[in-house]
Colleague: 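One structure follows; several queries about it will come next.
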Protein chains: 2
Amino acid sequence: MNTQDRFAQLEPALLEEINTHGIIKTFAMGDVIMRTGQYIKSTVLILEGMVKISRNDDEGSEFLMYYLQPGEACAISIICASKAETSQITATAMEDTTVLMIPIGFMDTWMSKYKSWYYFVLETYRSRFEELLVVIDNVAFRNMDERLQFYLKRHTAASQSNIIALSHQQIAEELNSSREVISRLLKKMEQRGMLKLHRNSIELLIS
Amino acid sequence: MNTQDRFAQLEPALLEEINTHGIIKTFAMGDVIMRTGQYIKSTVLILEGMVKISRNDDEGSEFLMYYLQPGEACAISIICASKAETSQITATAMEDTTVLMIPIGFMDTWMSKYKSWYYFVLETYRSRFEELLVVIDNVAFRNMDERLQFYLKRHTAASQSNIIALSHQQIAEELNSSREVISRLLKKMEQRGMLKLHRNSIELLIS
DNA sequence: AGTGTATTGTGACTTTGGTTACAGACTGCC
DNA sequence: GGCAGTCTGTAACCAAAGTCACAATACACT
């Protein structure tokens with residue numbers, strides 16, 4: 001699928017410019033697209049696949065913030081790119097992923113030149129800000145069982161499948177918990193009929 | 001102090017417009033400036049005082065996100081105002097506070113008309129986004145003792161005084177913890193010589 | 001089929017932080 | 001001074017989640 005279809009809300013002249021100046025890059029599942037401390041010189045738009053944005057502390061612990069889908073942009077890359085600052089997050093390809101990199105130079109020009117770009121950037125900020133609020137809600141007010149449930153639901157929504165192909169260990173890392181805790185909670189949820197456990201995958205039965 | 005001095009980075013013509021169209025409102029210490037679910041029709045700039053931005057869950061528990069100082073704008077109000085949506089946060093005056101309300105109608109126009117406004121809005125997004133990342137870091141990776149320490153430091157930095165005039169109860173609420181836990185941890189910190197406890201105030205000895 | 005590795009299941013234990021209950025101390029006010 | 005209300009200190013207990021240790025299972029590969 002091409003840029004026009006993914007970003008239909010952008011005006012034609014802008015899409016033209018994006019096609020001319022944007023650099024297309026592809027990443028394989030598991031590839032790190034951006035890592036903590038790296039200098040950001042481009043804004044990233046997702047064309048295909050799925051990207052995980054997470055926070056990592058000094059000891060290597062990870063904490064999932066949100067997923068980016070095709071048609072979305074990485075708010076952090078916009079923020080950092082506009083200041084040429086280092087990012088404080090990690091972006092990982094969850095599937096084979098194609099992105100469009102827009103050199104920061106165009107940000108300013110397009111912002112005043114194309115109303116649709118301005119709205120797109122604002123909407124990106126708004127939606128990511130709200131996602132962060134939900135993340136904070138979860139981690140501040142909810143227990144691990146609720147957070148796990150939320151995580152599974154979000155994962156099925158993002159991948160449009162009720163099968164979550166992850167090991168307990170991987171889930172534990174994204175929630176900054178430990179494998180045993182996740183296994184325990186998943187087992188309880190299975191006993192309550194909420195899901196079915198398989199090796200390397202979880203089948204969600206409720207929606 | 002007037003708008004010119006608080007927002008010296010904005011170009012004169014814009015400041016003129018701000019003075020013409022902005023509505024000045026004052027709030028007493030403790031007043032709620034914005035509450036969850038409320039419709040936002042204006043962007044808020046802080047002129048005097050200090051504003052606390054926090055997240056509140058359904059049961060009334062609170063969770064501090066950050067403080068806003070004079071010269072800063074409320075990112076959430078910008079986001080919500082530009083979409084005329086409801087906010088998911090609460091803003092409370094921590095001191096007697098003066099704010100400037102800018103009706104949303106001007107956002108779009110100024111954004112393309114005044115480069116300095118565009119930069120100001122981007123910078124507001126950037127800094128608040130980064131504050132949220134720090135908040136997530138704290139709550140995801142740190143224990144309560146570290147979070148409390150961080151809280152106290154941030155408070156002294158914001159109020160430019162090493163005296164924190166809050167009861168243990170108030171601190172507990174902002175960290176979504178309980179009074180006993182905070183008392184316990186503060187006592188420990190006092191024994192380690194990090195601070196001195198008084199009634200209704202804490203004197204921070206380390207920086 | 002047999003071996004090695006990754007994944008999952010589970011029990012015992014520890015730590016952190018929340019809860020309950022109550023005592024003492026300070027402040028304001030009559 | 002005496003009383004009410006708020007704030008602080010503390011002990012005992014509980015619950016959630018992290019840790020440790022080890023068993024059991026499944027899969028991949030030869």
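Source: prediction; values computed, not measured. Just so we're on the same page: letters track the sequence lines, and every chain starts at 1. Below, each value reflects all heavy atoms present in this structure, side chains not excepted, and no hydrogens, waters or symmetry copies.
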Colleague: Ignoring hydrogens and angles, tell me if any N or O in the side chain of Thr26(A) forms a donor-acceptor pair with the backbone of Thr98(A) under 3.5 Å.
Modeller: no

Colleague: Protein-nucleotides 26-29 of chain D N/O pairs closer than 3.5 Å?
Modeller:
none

Colleague: For DNA chain C, note the earliest and the latest nucleotide, 5' to 3', having some atom under 4.0 Å of a heavy atom belonging to chain A.
Modeller: dA6(C) to dA12(C)

Colleague: I'd like to know if the side chain of Asp96(B) and the backbone of Met29(B) have a donor-acceptor N/O pair within less than 3.5 Å.
Modeller: yes

Colleague: Would the distance check show the side chain of Asn138(A) and the main-chain N or O of Phe141(A) forming a donor-acceptor pair, the cut-off being under 3.5 Å?
Modeller: no

Colleague: Can any side-chain N or O of Asp57(B) pair as donor or acceptor with the backbone N or O of Gly60(B) at less than 3.5 Å?
Modeller: yes

Colleague: Mind calculating the distance between NZ (Lys196(B)) and C1' (dG9(D)) to the nearest angstrom?
Modeller: 18 Å

Colleague: So, does Glu130(A) use its side chain to make a donor-acceptor pair with the main chain of Ser127(A) at under 3.5 Å?
Modeller: no

Colleague: Would you confirm whether Thr124(B), through its side chain, and Ala73(B), through its main-chain N or O, come within 3.5 Å as a donor-acceptor pair?
Modeller: no

Colleague: For the backbone of Leu47(B) and the side chain of Arg6(B), can you confirm whether one donor and one acceptor N or O come within less than 3.5 Å of each other?
Modeller: yes

Colleague: Under the salt bridge (Lys or Arg N to Asp or Glu O under 4.0 Å) test, which residues partner Glu17(B), sequence neighbours left out?
Modeller: Lys113(B)

Colleague: Between the protein and nucleotides 20-24 of chain D, which nitrogen or oxygen pairs come in under 3.5 angstrom?
Modeller:
| from | atom 1 | to | atom 2 | distance (Å) |
| --- | --- | --- | --- | --- |
| dC20(D) | N4 | Glu180(A) | OE2 | 3.2 |

Colleague: Within the structure shown, what part of the strands sits under 4.0 Å from Leu186(B) by heavy-atom distance: base, sugar-phosphate, or nothing?
Modeller: nothing

Colleague: Which side chain to side chain donor-acceptor pair (under 3.5 Å) pairs, counting each pair once, include a residue from residues 147-161 of chain A, with sequence neighbours left out?
Modeller: Tyr151(A)-Glu174(A)

Colleague: So, is Ser178(A) close to the dA17(D) phosphate, meaning a side-chain N or O under 4.0 Å from OP1 or OP2?
Modeller: no

Colleague: May I ask you to say whether Glu180(A) pairs ionically with Arg184(A), meaning some side-chain N is under 4.0 Å from a carboxylate O?
Modeller: no

Colleague: Between Asn200(B) and Leu166(B) (side chain of the first, backbone of the second, donor and acceptor by atom type, cut-off under 3.5 Å), is there such a pair?
Modeller: no

Colleague: Under 3.5 Å, side chain of Glu190(A) to main-chain N/O of Leu197(A), donor-acceptor pair present?
Modeller: yes

Colleague: Between Asn176(A) and Lys187(B), just flag the one whose closest nucleotide in DNA chain D comes earlier from the 5' side.
Modeller: Lys187(B)

Colleague: Quick check: are there more than 12 heavy atoms from other residues, nucleotides or ligands sitting under 6.0 Å from CZ of Arg142(B)?
Modeller: yes

Colleague: Just to be sure I understand the geometry, which residues of residues 139-151 of chain A put a non-hydrogen atom under 4.0 Å away from DNA chain C?
Modeller: none

